[in-house]
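Atoms within a ligand are numbered from 1 in the order they appear, just like the ligands themselves. Position 1 is the first residue of the sequence, and the numbers go up from there.
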Amino acid sequence: MMLSQTLAVIGFISTSFLTIRFLRSIYLYARPSSIKRYLHGADAWALVTGASDGIGRTFSHELAQNGFNVVLHGRNLTKLGTIKAQLQNQFPNVEFHVLVADASSTSHQQIDELVATLNDIHLTVLINNVGAAIKVAPLEDTTSEEIDAIINTNARFPTQLTKALLSKLTQTSSPNLIMNIGSMGDFCVPYATIYGGSKGFNMTWSSTLAMELKSEGKNVEVLAISLGRVTDVSHNKKKASFFTPSARTMARAALQRVGCGKPVVVGYVGHAVQEFFCRASAV
Ligand SMILES: NC(=O)c1ccc[n+]([C@@H]2O[C@H](COP(=O)([O-])OP(=O)(O)OC[C@H]3O[C@@H](n4cnc5c(N)ncnc54)[C@H](OP(=O)(O)O)[C@@H]3O)[C@@H](O)[C@H]2O)c1
């Protein structure tokens, strides 16, 4: 084959490959959500961790709007009580339940005890949203206590909670969902060593758990959502923009990705654009 013909074939294959990838990306952000498939049984419940503020709070609102009863987890009973009262007022036909546990210090025995209080509810959705605020500082300037608290909150607590709830989520053939909230800080924010590392851990165990459950024939979707900066959260009240969506837009986008078939995905389209350029320029 002539050199020009060989180059033409390579060009055609490369262009086709890139076109397919581009079209698949468009479909990822345009397809309808499958969240309603988890609304089975007489009364389906969702558990949202870190539900007293920010994205977790809006996840709870969106899930209630979709017809789920919601377990609101947080560490501050007063704050959770206020959120519960507001949601109850907006959704009088939905049930809400409060679960208090400090993710930075709750032991796995205490997590088991908390989970036991949920025995009577029909849990179909678990959203591991709780996360410590990002700490951007040299590792040497981070105290040992801060390191433990960040890893505990971002990685240990969601892992132990998921393990404790797994038999409940896998006991029937009806579909259930585990969603883990990550961060693009796991690869592109210098100095966010502990925060990024613990978020990266979540993305990895999501992928491996998804494969494990699939190979065991369990009908559980495990979906990790990576996200960039979000506003209307406890530490950021600036005006929303295309690259910095509000907590409401972010929660909706994450729920929109449910059923996409991937174990790890950038949840919001503006963050996907940022992620593309961050990865392209990564050293
Ligand atoms: N906002 C962003 O720019 C951004 C970017 C990437 C990833 N994320 C991730 O998105 C998730 C939600 O963050 P957010 O921005 O919505 O934060 P947020 O507004 O600060 O809300 C965090 C929620 O988690 C709770 N929480 C924090 N530490 C806790 C602990 N030790 N024990 C129990 N509950 C605790 C908070 O409770 P209190 O109300 O008591 O504080 C609150 O309900 C996190 O996993 C975060 O890492 C956020």
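Using a 4.0 Å cut-off to heavy atoms of G131, the atoms of ligand 1 that qualify are 27 (C), 44 (C), 45 (O).
In the candidate list K199, K79, H235, K79 is nearest to atom 39 (O) of ligand 1, counting heavy atoms. With atom 5 (C) of ligand 1 as the reference point, the heavy atom nearest to it among G228, P158, S234 is part of G228. Of the listed options V230, I83, V130, V130 places a heavy atom closest to atom 35 (C) of ligand 1. Comparing heavy-atom distances from atom 48 (C) of ligand 1 across N129, L227, V48, V189 singles out L227 as nearest.
Screening N180, T49, T159 for a side chain to side chain donor-acceptor pair (under 3.5 Å) with N128, the sole residue that qualifies is N180. Just one of E275, H271, M184 meets the side-chain contact (heavy atoms from CB on, under 4.5 Å) condition when paired with S226; it is M184.
Polar contact with ligand 1: present for D53 (N/O pair, distance under 3.5 Å). Residue D102 places at least one N or O, backbone or side chain, under 3.5 Å from an N or O of ligand 1. Not a single N or O atom of I181, backbone or side chain, sits closer than 3.5 Å to an N or O atom of ligand 1. Backbone and side-chain nitrogen or oxygen atoms of G74 are examined, and none is located within less than 3.5 angstrom of a nitrogen or oxygen of ligand 1.
Side-chain atoms of K168 come within 3.5 Å of backbone atoms of L118 as a donor-acceptor pair (strictly under, hydrogens ignored).
Here the heavy atom of the protein found nearest to atom 42 (C) of ligand 1 is S52 OG, 3.6 Å. Scanning the protein heavy atoms around atom 24 (O) of ligand 1, the nearest turns out to be G50 CA, 3.3 Å.
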